[in-house]
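Counting from 1, the numbers follow the sequence of the chain as shown. Here the structure is a predicted model, which means the values were calculated and not measured.
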Amino acid sequence: MVKLRLKRCGKKQRVIYRIVAIDVRSRREGRDLRKVGFYDPIKNQTYSNVPAILYFLEKGAQPTETVHSISKKGEVFRELSINQMTFMK
């Protein structure tokens, strides 16, 4: 199973998280399948590769609670619902 979760990067007192698609059995700093964005909690900045996130969500990847809330702020799930509506027609 694949999850979208945060991977810690940076240095002490200056952490940055990458949003990655990773196998559930891997460690937090383990090998990821693909990097799909980053999150800087200090500057409160987020970058998301929306097509990549949508690809993994459509394939059945489950986001963690933190990634879900970050994606919700970035309106990724609105893009997902729009894409699903176009496929239904």
Novice: Are V50 and L6 connected, step by step, through hydrophobic side chains (Ile, Leu, Val, Met, Phe, Trp, Tyr) whose heavy atoms are closer than 4.5 Å?
Specialist: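 Looking at the clustering, L6 is in the same group as V50.
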Novice: If every non-hydrogen atom of V15 is compared with every non-hydrogen atom of P41, which pair is closest and at what distance?
Specialist: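 For V15 and P41, the tightest heavy-atom pair comes out as O-CD, 3.8 Å.
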Novice: Less than 4.0 Å between a side-chain N and a carboxylate O, is that true for D40 and R14?
Specialist: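 Here R14 pairs with D40 in a salt bridge, since their nearest N and O are under 4.0 Å apart.
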Novice: Heavy-atom distance under 4.5 Å between the side chains of K73 and T46, does that happen here?
Specialist: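 With C-beta onward as the side chain, the pair stays apart.
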Novice: Give a yes or no on whether Q45 atom CD has more than 12 heavy-atom contacts from other residues, nucleotides or ligands under 6.0 Å away.
Specialist: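 Yes, the 6.0 Å shell around CD holds more than 12 heavy atoms from other groups.
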Novice: How long is the gap from CZ on R8 to OH on Y17, to the nearest 0.5 Å?
Specialist: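 Spacing of CZ (R8) from OH (Y17) equals 5.5 Å.
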Novice: Restricting to non-hydrogen atoms, name the atom on M1 and the atom on D23 that form the minimum distance, rounded to 0.1 Å.
Specialist: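 That closest heavy-atom pairing would be O-OD1, 2.9 Å.
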Novice: Would you say I16 and I70 are hydrophobically clustered, going by side-chain heavy atoms of ILVMFWY under 4.5 Å?
Specialist: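 No, separate clusters.
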Novice: Can you name the closest pair of heavy atoms from V2 and V24 and give their distance?
Specialist: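 Heavy atoms of V2 and V24 come nearest at N-CG2, 4.4 Å.
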Novice: Atom CG in L4, atom CZ in F56: separation rounded to 0.5 Å?
Specialist: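 Output value for this atom pair is 7.5 Å.
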Novice: Which pair of non-hydrogen atoms, one from R31 and one from I22, has the smallest distance, and what is that distance?
Specialist: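 Closest pair (atom of R31, atom of I22, distance): O-CG1, 3.5 Å.
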Novice: Are I53 and L33 connected in the hydrophobic side-chain network, where two residues link if heavy atoms are under 4.5 Å apart?
Specialist: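 Result: yes, single cluster for both.
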Novice: Report whether Y55 and V20 are members of the same hydrophobic cluster (ILVMFWY, side-chain heavy atoms less than 4.5 Å apart, transitive linking).
Specialist: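 Per the 4.5 Å side-chain linkage, Y55 and V20 are not co-clustered.
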Novice: Keeping the roles fixed (side chain from S71, backbone from H68), state whether a donor-acceptor pair exists under 3.5 Å.
Specialist: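 No, because the side chain of S71 does not come within donor-acceptor range (under 3.5 Å) of the backbone of H68.
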